[in-house]
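Working notes, structure below.
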Amino acid sequence: MAYKLSEGSLEIIMNGGLYDKPVMQVLGSKKIQGSGSNDRFRLLVSDGKHSHSFAMLATQLNELLISGELSDYSVVQINKFVTSVLKNTGKGEKRVMIVLDVSIIAPGTEVGKKLGNPQNWSEDSVTTSAPAPTPMRPTPQAAPSLGNSLGNSFGNSLAKPAAGPNLDSSMLGSQMTHPIASLSPYQNKWVIKARVMNKSDIRTWSNARGEGKLFSMDLCDESGEIRATAFKNECDKFYDMIQVDKVYYISRCQLKTANKQFTTLKNDYEMSFTPDTVVAECMEDASALPTVKYDFVPISDIANKNSDSILDVIGVCKFASDVQELTAKTTGKLLKKREATLVDQSGGAITLTLWGNEAEKFDASSNPIVSAKGARVAEFNGSKSLSCLASTMLRCNPNVPEAHRLRGWYDNGGAGMDTVNISARSGGQSGGSGEWLTFSEVEARRLGAGEKGDYFTLVGVLTFMFADNAVYKACPQDQCNKKLVDQENGLYRCEKCNREYPNYKYRLLLGANVSDPTGDQRITAFNEAAEAILGQPAADVGRMSEYDKSAYTQLFEEVKFRTYVFNFRTKMETYSDEAKLKTTVMSAKPVDYRDANAKLVKSITALSGIQV
DNA sequence: CCCCCCCC
């Protein structure tokens with residue numbers, strides 16, 4: 001049988017032209033050292049007229065060679081390929097062809113010999129041979145280096161949109177962009193057309209090697225996904241431009257091996273923007289480019305998921321807390337978070353914690369549909385909630401069928417449906433998201449029954465205070481707050497430090513009763529919380545108790561029957577066979593009536609389904 | 001060149 005090779009196709013391709021599905025013969029292959037398991041293979045290919053050893057097999061096709069399916073003398077049709085120019089090869093520029101998809105027309109064993117008499121094609125042929133023959137389809141003939149000319153074109157169009165007779169983005173079809181899966185450090189001239197799946201906040205760093213700022217983004221196309229990071233100048237240059245869900249042409253980034261420890265994206269490489277990087281938004285229809293794929297878990301099912309598992313969720317945001325600031329224990333970093341309560345048709349409600357910029361920007365006032373791909377299940381005090389990671393793809397009112405279904409459900413009665421808050425069953429900041437509970441709800445939910453105790457917020461009135469023992473003389477050591485024993489000789493003994501001191505500090509330990517319309521509770525307020533309740537520093541309260549008893553009594557009279565927004569921690573403890581809730585004041589704040597009224601209105605709306 | 005993903 002005679003095999004017909006696409007004579008002359010190599011010359012076209014190696015001149016940067018396009019040739020549709022050339023048929024070639026493989027004359028040899030050679031393994032070149034890749035990093036780790038990423039071996040790559042170089043092929044010697046022939047079109048019958050020329051042979052060329054600068055063809056490389058895309059790594060995803062390695063198996064063809066390893067299995068022997070592709071071997072010497074095989075005749076193949078190259079369905080998909082890209083070329084790129086390598087610099088610094090020692091012999092000037094070298095163009096390589098990367099084979100992305102092949103069909104084997106005849107196995108090497110069947111062909112058994114070299115077809116024709118191909119001459120070794122060299123880079124010199126470019127200048128000695130005639131210009132490339134007419135390609136198979138309209139092609140950028142003025143573009144001996146595809147990536148380069150596209151890059152220039154972007155540069156021009158960014159500077160002056162109407163410029164450039166050569167190429168504009170409307171001419172950029174899929175033929176001319178490179179699949180993300182084909183990118184590697186071996187190729188430096190390429191253009192990808194990619195959708196932004198996720199974009200990070202700007203982060204700064206400071207370490208022994210210096211300091212700076214960066215942001216990163218996750219890109220995808222039909223072939224795969226890759227992370228790109230923009231540092232310093234590039235961070236400033238591109239942060240505002242890059243928008244989630246939009247599609248961009250991107251060229252001239254630096255590729256490097258991805259550290260798998262820090263990414264879940266399916267790519268062996270990641271890229272960094274460089275001063276030469278060009279980004280141009282794709283203005284034509286890019287609906288063919290994949291969007292984020294979801295695998296939503298019904299909210300009520302999340303209660304059965306393991307902690308730390310990663311999942312996708314979508315729900316109506318029924319409620320969101322204010323932004324709270326906190327300090328990370330391990331890093332000392334100042335963090336901002338907001339807790340959004342999501343509900344869906346499963347009848348479940350769950351808290352989703354947003355961080356940083358996403359927390360600040362979030363607006364729950366219109367009860368948006370919120371979706372999160374890759375949120376992490378967290379467990380606190382035995383209850384499940386979700387937390388966003390840097391890799392989580394968060395969307396408000398995403399254009400997906402589930403979102404439209406939820407909107408319809410919520411606006412037609414779903415808002416009034418009873419939900420089971422799986423983030424509040426037996427722990428956590430109960431009621432989630434800054435919701436206020438009553439004592440009867442605390443009882444109904446059996447808060448405090450768990451191992452670690454439960455936190456909740458409640459508006460209550462101080463109905464009684466144990467004023468007599470509210471202040472004591474404490475060990476003056478910084479970390480030691482032990483009550484001192486008066487030695488009656490001007491010295492005070494600390495049993496914990498096993499030392500005597502001539503001095504002491506006053507600390508507060510206030511026992512009290514708090515009531516709300518549904519019940520009451522014996523509570524304890526330690527130093528800072530008690531100072532907040534009394535509105536006086538412990539030192540002043542101590543002086544009053546010792547030197548101005550009437551002022552001391554007056555202080556407690558004034559505070560009695562005041563209303564506070566309390567944050568409590570409660571835990572069941574057993575004293576001499578009797579189980580009792582031990583409830584501690586974590587914080588006590590005066591009521592902000594504006595905020596309180598807003599909460600009541602929200603609650604009325606949620607319960608009645610009627611917009612107030 | 002980062003690599004943190006936090007808290008009650």
Side-chain angles (χ1 to χ4, degrees), chain A residues 198-218 227-236 239 253-265 270-275 277 307-308 310 321-339 351-359 372-394 423-424 426-435 437 447-448 450-457 529 566-571 584-587:
Chain A
N198 200 21
K199 170 188 163 183
S200 78
D201 289 351
I202 292 178
R203 281 208 326 272
T204 57
W205 83 87
S206 175
N207 59 28
R209 276 171 293 187
E211 54 182 59
K213 56 172 150 175
L214 67 108
F215 81 99
S216 64
M217 70 207 88
D218 297 337
R227 163 153 303 175
T229 307
F231 294 95
K232 298 176 183 174
N233 289 341
E234 288 73 62
C235 174
D236 289 336
Y239 184 77
C253 296
Q254 184 183 58
L255 271 289
K256 62 170 189 172
T257 306
N259 189 336
K260 288 290 180 187
Q261 197 186 331
F262 302 123
T263 172
T264 51
L265 291 191
E270 61 188 19
M271 54 196 213
S272 304
F273 281 22
T274 74
T277 293
S307 303
D308 295 335
I310 303 288
S321 71
D322 295 332
V323 175
Q324 296 153 51
E325 291 198 346
L326 55 108
T327 308
K329 264 184 190 163
T330 44
T331 60
K333 239 189 202 166
L334 188 66
L335 305 171
K336 286 179 177 164
K337 71 156 187 177
R338 192 197 295 269
E339 289 179 348
T351 297
L352 173 68
T353 305
L354 316 183
W355 299 95
N357 202 21
E358 284 178 339
K373 182 176 181 60
R376 188 165 70 181
V377 177
E379 189 165 345
F380 183 65
N381 283 351
S383 74
K384 299 279 170 48
S385 63
L386 293 171
S387 185
C388 285
L389 308 176
S391 54
T392 303
M393 296 170 197
L394 187 76
S423 301
S426 65
Q429 171 64 47
S430 208
S433 315
E435 185 190 333
L437 297 189
L447 294 192
E451 279 280 297
K452 292 176 189 164
D454 296 313
Y455 294 80
F456 65 97
T457 302
F566 291 103
N567 187 250
F568 291 122
R569 177 183 186 273
T570 193
K571 187 179 179 321
T584 312
V585 182
M586 306 311 293
S587 71

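Order of the sequence lines fixes the chain letters, A, B, ..., with proteins taken first and strands second; residue numbering starts at 1 for each chain. Just so you know, these numbers use all the heavy atoms, side chains as well, and skip hydrogens, waters and symmetry mates.
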Does [N] have its OP1 or OP2 closer than 4.0 Å to a side-chain nitrogen or oxygen of [X]?
X	N	result
A:K329	B:dC8	yes
A:N207	B:dC2	yes
A:R203	B:dC5	no

Closer to the 5' end of DNA chain B via nearest nucleotide, is it A:E211 or A:A390?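 In this pair, the answer is A:E211.
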Any idea which heavy atoms bring A:L354 and A:A359 closest together, and the distance?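 Here A:L354 and A:A359 meet closest at O-CB, 3.5 Å.
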Mind checking if A:T229 touches a base, just sugar-phosphate, or nothing, with heavy atoms under 4.0 Å? base
Determine the contact category for A:E325: base if any of its heavy atoms lies under 4.0 Å from a base atom, sugar-phosphate if only primed atoms, P, OP1 or OP2 are that close, otherwise nothing. nothing
Looking only at the side chain of [X] (C-beta and beyond, no hydrogens), which of the listed nucleotides [options] gets closest?
X	options	answer
A:W355	B:dC2, B:dC5, B:dC7	B:dC7
A:F262	B:dC7, B:dC2, B:dC4	B:dC4
A:F380	B:dC2, B:dC5, B:dC8	B:dC8
A:K337	B:dC8, B:dC3, B:dC2	B:dC8

Rounded to whole Å, how long is the line connecting atom [atom1] of [X] with atom [atom2] of [N]?
X	N	atom1	atom2	value
A:D218	B:dC3	CG	C1'	13 Å
A:R227	B:dC3	CZ	C1'	9 Å
A:L352	B:dC5	CG	C1'	13 Å
A:E379	B:dC8	CD	P	17 Å
A:L335	B:dC6	CG	C1'	5 Å
A:D322	B:dC7	CG	C1'	16 Å
A:Q261	B:dC5	CD	C1'	14 Å
A:F215	B:dC2	CZ	C1'	13 Å

Heavy atoms, side chains only, cut-off 4.5 Å: are A:L386 and A:T392 in contact? no
Is a side-chain donor or acceptor of A:R338 paired with a backbone partner of A:S321 at a separation under 3.5 angstrom?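 Checking the backbone N and O of A:S321 against the side chain of A:R338, a donor-acceptor pair under 3.5 Å is found.
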Strictly distance-based, threshold 3.5 Å: is any side-chain N or O of A:D201 a donor or acceptor partner for the main-chain N or O of A:N357?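 Side chain of A:D201 to backbone of A:N357, a donor-acceptor pair under 3.5 Å: yes, one is there.
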Stacking of A:Y455 on B:dC8 base (centres under 5.5 Å, planes under 30°):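 One would not call A:Y455 stacked on the B:dC8 base.
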Below 30° counts as parallel, above 60° as perpendicular, anything between as tilted: where do the rings of A:F456 and A:F568 land? tilted
